[in-house]
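All values below come from the heavy atoms of this structure, side chains included, with hydrogens, waters and symmetry mates left out. Here is how names work: the chains are called A, B, and so on, in the same order as the sequence lines, proteins then strands, and each is numbered from 1.
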Number of protein chains: 2
Amino acid sequence: MRNLLKDKKLSETPFRKEVLEVFGNYSNAISMSVIEKGLKDYNRITLYRTIKIFLEKGLIHEIALSGEPSNYALCDSTCSSELHQHQHVHFKCTLCETVTCVEVAEFPSLHLPNYQIEQLEIQASGICKVCLKKE
Amino acid sequence: MRNLLKDKKLSETPFRKEVLEVFGNYSNAISMSVIEKGLKDYNRITLYRTIKIFLEKGLIHEIALSGEPSNYALCDSTCSSELHQHQHVHFKCTLCETVTCVEVAEFPSLHLPNYQIEQLEIQASGICKVCLKKE
DNA sequence: TATTTTATTGCAACATTGTTGCATTTATTG
DNA sequence: CAATAAATGCAACAATGTTGCAATAAAATA
């Protein structure tokens, strides 16, 4: 497994490794409170700063949601602080409420007259594959 | 002009009308702090509750943004609390920083195998038409 | 339109989250 | 392993979200 921290020139500390482990335990994006529950013990401020620097370095990305706290997910290795290179859709399931980064073969393109588009982010909602199977 | 408040079965109060006026003064989406600056005088809690009920009734919609406070914009008349029927893209300009709801002729469609998509939200970023002209 | 009913507002108070400076501790570098 | 650089934890504070409740204003009704 790649060393995410060293790759991004961040010091390897036990706490940061533990936060990354929590991300690794989920295949979906997770909220701050889920991260907190996944940690043995944590300092609120340190966690806040850890998430902040992970975002800045492009280790994780934030998925902003209307009416509820943001979720976070690990980035591709090609992401940097400046540019996120995700070719995936953020999918929020209306049943189980989880947010997932779904890889998509052909990412939709969009043309807006008079606008110069540099980045596209797509958030879909509906029923995820796990919940579809359960029905 | 349509009476937005009565349409949504909300009492018409001077304050609510003033908040709607502020929205009317902008062609783009606005943040809480912009709303505050546009009001003569306001009570923090009342404003908070006003925005909340406007959202619930589908009078306005929230545009959640990563790393910064949400923006808000007036909805189409067809929107309700349950379902937002926007056929527009949320465009964030990297130069002037404004967020605009851009109507688009053909809204992109997306198919994700094993997922049932109910709603799509697209957030684009780049350079808006105003800033393109200035260059 | 006066009165009743219902909804909104503003205050006080508190909860949660975001943020900084600084001393201490820990990781990295040579 | 010492020197340097970075991360952590504490205290303290700022900003934002939220509630109960009394006062006030709007809507419904007679």
Side-chain angles (χ1 to χ4, degrees), chain A residues 2-23 29-73 81 97 99, chain B residues 2-23 29-72 80-81 97 99:
Chain A
R2 223 157 30 81
N3 189 324
L4 297 170
L5 292 170
K6 280 199 175 153
D7 286 358
K8 302 287 180 179
K9 299 201 173 81
L10 284 171
S11 304
E12 275 193 285
T13 69
F15 185 70
R16 286 178 178 173
K17 284 191 215 166
E18 199 190 344
V19 172
L20 286 181
E21 254 176 59
V22 176
F23 277 104
I30 52 180
S31 67
M32 208 59 164
S33 68
V34 170
I35 300 171
E36 286 168 4
K37 285 185 196 99
L39 294 166
K40 286 192 292 294
D41 184 30
Y42 71 96
N43 177 280
R44 208 174 66 85
I45 296 145
T46 304
L47 176 55
Y48 162 79
R49 283 196 272 224
T50 301
I51 294 301
K52 191 172 178 178
I53 205 165
F54 280 7
L55 284 169
E56 281 167 12
K57 297 283 181 170
L59 234 149
I60 60 174
H61 61 282
E62 180 181 353
I63 301 156
L65 301 162
S66 302
E68 57 189 303
S70 288
N71 274 28
Y72 303 92
S81 34
E97 310 256 282
V99 176
Chain B
R2 223 152 36 75
N3 188 323
L4 297 170
L5 291 169
K6 280 199 176 153
D7 287 358
K8 301 288 182 181
K9 299 202 173 81
L10 282 171
S11 304
E12 275 194 285
T13 68
F15 184 71
R16 286 178 180 171
K17 284 190 215 167
E18 199 191 344
V19 172
L20 286 181
E21 254 175 57
V22 176
F23 277 104
I30 51 180
S31 67
M32 208 61 165
S33 68
V34 170
I35 300 171
E36 285 168 5
K37 283 184 196 99
L39 295 165
K40 288 190 290 294
D41 183 30
Y42 71 96
N43 176 281
R44 208 174 64 84
I45 296 144
T46 304
L47 176 57
Y48 162 78
R49 284 195 271 223
T50 301
I51 295 302
K52 191 172 178 178
I53 205 166
F54 281 7
L55 284 169
E56 282 167 11
K57 298 283 181 172
L59 235 149
I60 60 175
H61 61 282
E62 180 181 354
I63 301 156
L65 301 161
S66 302
E68 58 188 304
S70 288
N71 274 29
Y72 302 92
S80 68
S81 33
E97 309 255 283
V99 176

Check the pair A:Leu59, A:Leu5 against side-chain contact (heavy atoms from CB on, under 4.5 Å), reporting the backbone distance first and the verdict last.
CA-CA 8 Å; A:Leu59 234 149; A:Leu5 292 170; 4.2 Å; yes

Under the side-chain contact (heavy atoms from CB on, under 4.5 Å) rule, what do B:Lys17 and B:Leu20 come out as? Steps first, then yes or no, please.
CA-CA 5 Å; B:Lys17 284 190 215 167; B:Leu20 286 181; 5.7 Å; no

Distance-minimising heavy-atom pair for B:Ala29 and B:Asn71:
O-ND2, 3.3 Å

Take atom OH of A:Tyr72 and atom P of C:dT17, then tell me their distance rounded to the nearest Å.
11 Å

Rounding to a whole Å, what distance do you find between A:Lys17:NZ and C:dA27:C1'?
10 Å

For B:Ser31 and B:Ser33, run side chain to side chain donor-acceptor pair (under 3.5 Å): C-alpha distance rounded to whole Å, both residues' side-chain angles, the deciding distance at 0.1 Å, then the answer.
CA-CA 5 Å; B:Ser31 67; B:Ser33 68; 3.3 Å; yes

Using whole Å, report how far CD of A:Glu18 lies from P of D:dA7.
17 Å

Listing request: all salt bridge (Lys or Arg N to Asp or Glu O under 4.0 Å) pairs with a residue in residues 31-48 of chain A, at least two apart in sequence or in separate chains.
A:Glu18-A:Lys40

Heavy atoms only: give me the nearest A:Glu62-A:Ser70 pair and the separation to one decimal.
OE2-OG, 2.6 Å

What nitrogen or oxygen pairs link the protein and nucleotides 28-30 of chain C at under 3.5 Å?
from: C:dT28; atom 1: OP1; to: A:Glu12; atom 2: N; distance (Å): 2.8

Non-hydrogen side-chain atoms of B:Val19 and B:Phe54 separated by less than 4.5 Å:
yes

Atom NZ of B:Lys52 to atom P of C:dT9: distance rounded to whole Å?
14 Å

Using a cut-off of strictly less than 4.0 Å between a heavy atom of the residue and any atom of DNA chain C, enumerate the qualifying residues of residues 35-47 of chain A by number.
A:Arg44, A:Ile45

In whole Å, I'd like the distance from the CG atom of A:Asn3 to the P atom of C:dA27.
14 Å

For B:Leu5 and D:dA25, what is the distance between atoms CG and P respectively, to the nearest whole Å?
18 Å

Taking for A:Pro14 and for B:Arg49 the nucleotide of DNA chain D with the nearest heavy atom, the one nearer the 5' end belongs to A:Pro14

Between B:Val22 and B:Ile30 the two heavy atoms that sit nearest each other are CG1-CD1, 4.0 Å

Has A:Arg16 got a side-chain N or O lying under 4.0 Å from the OP1 or OP2 atom of D:dA7?
yes

Between D:dT24 atom P and B:Phe15 atom CZ, what is the distance in whole Å?
19 Å

Rounded to whole Å, the CZ-P distance (B:Phe54 to C:dA7) equals 17 Å

Would you mind reporting whether B:Ser66 and A:His61 have side-chain heavy atoms less than 4.5 Å apart?
no

Under a 3.5 Å limit on both distances, the Watson-Crick or wobble mate of D:dA11 is C:dT20

